[in-house]
Chemist: 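Pasting in a structure now, in structure tokens, and then I'll have a few things to ask.
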Amino acid sequence: MISRIKGTEDTIEESWLWEWIEGRFKEVATNFGFTQIRTPTFEATELFDRGVGNETDIVQKEMYTFEDKGGRSITLRPEGTAPVMRAFIEHNLSSKGLPQKLFYYGPMFRYEKPQSGRLREFHQFGAELIGSALPIADVFVISMAIEMLNSVGLTNFKLKINSTGDEKCRPEYVKALRNYYRDLLPKLCDDCKVRYERNVLRLLDCKKDAQYAKDAPKITDYLCSDCKAHFETLKRYLDELDIQYEVDPSIVRGLDYYTRTVFEFKYPALGAQDAIGGGGRYDKLIEELGGSKTPSVGFAFGIERIILALKMENKVPEAKGIDVYVIAVEDAQRVESLKIAKALSKFFTVDVDIMGRNLKGQFSQASKENARFVIVIGEEEIKEGLYTIKNMKTGEQKRVRFSDIIEMVKI
RNA sequence: GUGGCUGUAGCUCAAUUGGUAGAGUGUCGGACUGUGGAUCCGAAUGUUGUGGGUUCAAGCCCCACCAGCCACCCCA
């Protein structure tokens, strides 16, 4: 037997749930004026090297990279923002006016050790608001994200925010952090010794050395006046919109392109993989990829984790059954039942037996498919030109004309 | 990538100190030749994750691999 690749999933009985979530998210995004962008699932490796950042874990150890037959280095996209910005630049979308509001949906790939809520192929729904440097843009995007979560019934999530500064103040902060950790270096875990060299910010969210992070210098004390003003305004707007949040200095996010605002939606009940979504501002990404300076902000949700959270909250809606099941009493009425089913399929979801089951078997099947109504077609029905319709919930049943069937099922 | 736990029917799980697999549920059929979800009866289904090894004998012990889960790492 050939089985699926480690860290991937087949979605069979739950396809409807996926479609439902995608539908709700698309609806909210569309109502907020976003339109969909579809980019390839693979890109030139260089895009992520430069976009996501060479020193990040994603680029260092998680990318699905291979050489194609033309000798090009290809990478299965590990995230959605860099590809969207590539497309934004490539199609000169800024010429169409700013802001550009784009959402995307699709599979992402990261070579990691799988766990529940962490797959090698997973799905993200993301949105990018391109062109505004104002804190109001951050709040716009955050409130849309919250609307999305609410639209599928999720409420027990926490919004955590932080500011990572910009190219002016972050180096100052990094310097201060280095100073602080220099003397502690021998006491730190091996990973942190590497982080000290590569990316000091990451020291802050190490779980083993959390004791030292407590007294470490805080980024918020080192923000330059512009970044500080941005952060303060953001918080004030959130307050005014009654959006609950928590400032969490340990949120630095694993992608290099973030500047100023970063945020995460946490769902603590999920355990170690508790981020159901995250995002932030990336004011320098577009110019780093060769475009002109265009400040932007965006976020992405992980669909698998949203589904886990929904299940945990018991918020998964009931799967809908079919509207009508058409039953033939005897073989002689099978063609007629198919004709009726075909006619009804123009209006409703409908099924008919093709397994040669007897009457009872067909009724069982109708129950199993959660049919709201059953149409019974036997010798008598054909003789009278009236069809028996049974409401499967109430058990009520009567003989009606075809046009009445449509009226009854419609309700 | 590191460490720990696990792997038996479609699903959830049994199987004394090693003695070549069983229940519930689901599926199918019948009780019930024009009526489902209830009840009763019956039937089918496994190379015990894969491959080696130890043993007279392995679901059980040992090794390797594969997969899942948990933690780390990191994130969605």
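Each chain gets a letter, A, B and so on, in the order the sequences are listed, and its residues count up from 1. Being a predicted model, the structure only gives us computed values, none of them experimental.
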Chemist: Within the structure shown, what part of the strands sits under 4.0 Å from E112(A) by heavy-atom distance: base, sugar-phosphate, or nothing?
Modeler: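 Base: the residue E112(A), judged by heavy atoms under 4.0 Å, touches a nucleobase.
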Chemist: Which of the following nucleotides, G34(B), A71(B), C69(B), is nearest to the side chain of L359(A)?
Modeler: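 Among G34(B), A71(B), C69(B), the one nearest the side chain of L359(A) is G34(B).
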Chemist: Reckon K61(A) touches a base, only the sugar-phosphate, or nothing at all at heavy-atom distances under 4.0 Å?
Modeler: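 Contact class for K61(A): sugar-phosphate only.
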Chemist: Does V374(A) reach a base, just sugar-phosphate, or nothing at all? Heavy atoms under 4.0 Å.
Modeler: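 Nothing, no heavy atom under 4.0 Å.
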Chemist: What contact category does L119(A) fall into here, base, sugar-phosphate, or nothing, at under 4.0 angstrom with non-hydrogen atoms?
Modeler: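 L119(A): base contact, heavy atoms under 4.0 Å.
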Chemist: Centroid distance below 5.5 Å plus an interplanar angle below 30 degrees: do F122(A) and A76(B) meet both conditions?
Modeler: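 Taking the rule of under 5.5 Å and under 30°, the ring of F122(A) does stack on A76(B).
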Chemist: Identify whether any heavy atom of Q397(A) sits under 4.0 Å from a base atom; if not, whether one sits that close to sugar-phosphate; answer base, sugar-phosphate or nothing.
Modeler: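 Contact class for Q397(A): base.
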Chemist: Quick one: does NZ or CZ of R260(A) land under 6.0 Å from the six-membered ring centre of F231(A), within 45 degrees of the ring axis?
Modeler: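 Verdict for F231(A): no cation-pi partner in R260(A).
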Chemist: Could you check whether G361(A) gets within reach of a base, just the sugar-phosphate, or nothing at all, counting any heavy atom under 4.0 Å?
Modeler: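 The residue G361(A) makes no contact with any strand.
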Chemist: State, with a plain yes or no, whether a side-chain heavy atom of P317(A) is found less than 4.5 Å away from one of L17(A).
Modeler: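 Yes, side chains in contact.
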Chemist: May I ask you to say what G117(A) touches in the nucleic acid, namely base, sugar-phosphate or nothing, with a heavy-atom cut-off under 4.0 Å?
Modeler: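 G117(A): base contact, heavy atoms under 4.0 Å.
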Chemist: Assess the pair Y64(A) and Y111(A): is the distance between their ring centroids shorter than 6.0 Å?
Modeler: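 Yes, close enough.
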Chemist: How is Q362(A) classified with respect to the nucleic acid when contacts are heavy atoms under 4.0 Å: base, sugar-phosphate, or nothing?
Modeler: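 Nothing: the residue Q362(A), judged by heavy atoms under 4.0 Å, touches no strand.
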Chemist: Quick one: is R4(A) getting a side-chain N or O under 4.0 Å of the A67(B) phosphate, OP1 or OP2?
Modeler: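 No.
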Chemist: Only one of V200(A), L201(A), L203(A) passes side-chain contact (heavy atoms from CB on, under 4.5 Å) with R195(A); say which it is.
Modeler: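 Single pass found, and it is L203(A).
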Chemist: Considering every strand and a 4.0 Å limit on heavy-atom distances, what is the contact class for A366(A): base, sugar-phosphate, or nothing?
Modeler: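 It contacts nothing in the nucleic acid.
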Chemist: Are T259(A) and R281(A) linked by a side-chain donor-acceptor pair shorter than 3.5 Å?
Modeler: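 Distance-only check fails for T259(A) and R281(A).
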Chemist: Between R399(A) and F301(A), which is nearer to the 5' end of RNA chain B once each is assigned its nearest nucleotide?
Modeler: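 The residue mapped nearer the 5' terminus is R399(A).
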Chemist: Applying a 3.5 Å limit to both distances, which nucleotide forms a Watson-Crick or G-U wobble pair with A76(B)?
Modeler: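 By the stated definition (distances under 3.5 Å), nothing pairs with A76(B).
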Chemist: Quick one: is K6(A) getting a side-chain N or O under 4.0 Å of the A67(B) phosphate, OP1 or OP2?
Modeler: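 For A67(B), OP1 or OP2 has a side-chain N or O of K6(A) closer than 4.0 Å.
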Chemist: Just call it for R195(A): base, sugar-phosphate, or nothing, with non-hydrogen atoms closer than 4.0 Å on any strand.
Modeler: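 The answer is sugar-phosphate, as R195(A) gets under 4.0 Å only of primed atoms, P, OP1 or OP2.
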Chemist: Does F109(A) have its ring centroid less than 6.0 Å away from the ring centroid of F42(A)?
Modeler: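 Not close enough - the centres of the two rings lie 6.0 Å or further apart.
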Chemist: From C-beta outward on F363(A), which listed nucleotide comes closest to its side chain: G36(B), C73(B), G1(B)?
Modeler: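 Comparing G36(B), C73(B), G1(B) against the side chain of F363(A), the answer is G36(B).
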Chemist: Which part of the nucleic acid does E380(A) contact within heavy-atom distance under 4.0 Å: base, sugar-phosphate only, or nothing?
Modeler: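 Base, at least one base atom sits under 4.0 Å.
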Chemist: Could you tell me whether E121(A) contacts a base, only the sugar-phosphate backbone, or nothing, with contacts defined as non-hydrogen atoms closer than 4.0 Å?
Modeler: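 It contacts nothing in the nucleic acid.
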Chemist: Across the strands shown, which category fits G80(A) at heavy-atom distances under 4.0 angstrom: base, sugar-phosphate, nothing?
Modeler: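 G80(A): no heavy atom of the nucleic acid under 4.0 Å.
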Chemist: Please give the nucleotide sitting opposite G34(B) as a Watson-Crick or G-U wobble pair, both distances under 3.5 Å, or none.
Modeler: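 Per the H-bond distance test, none.
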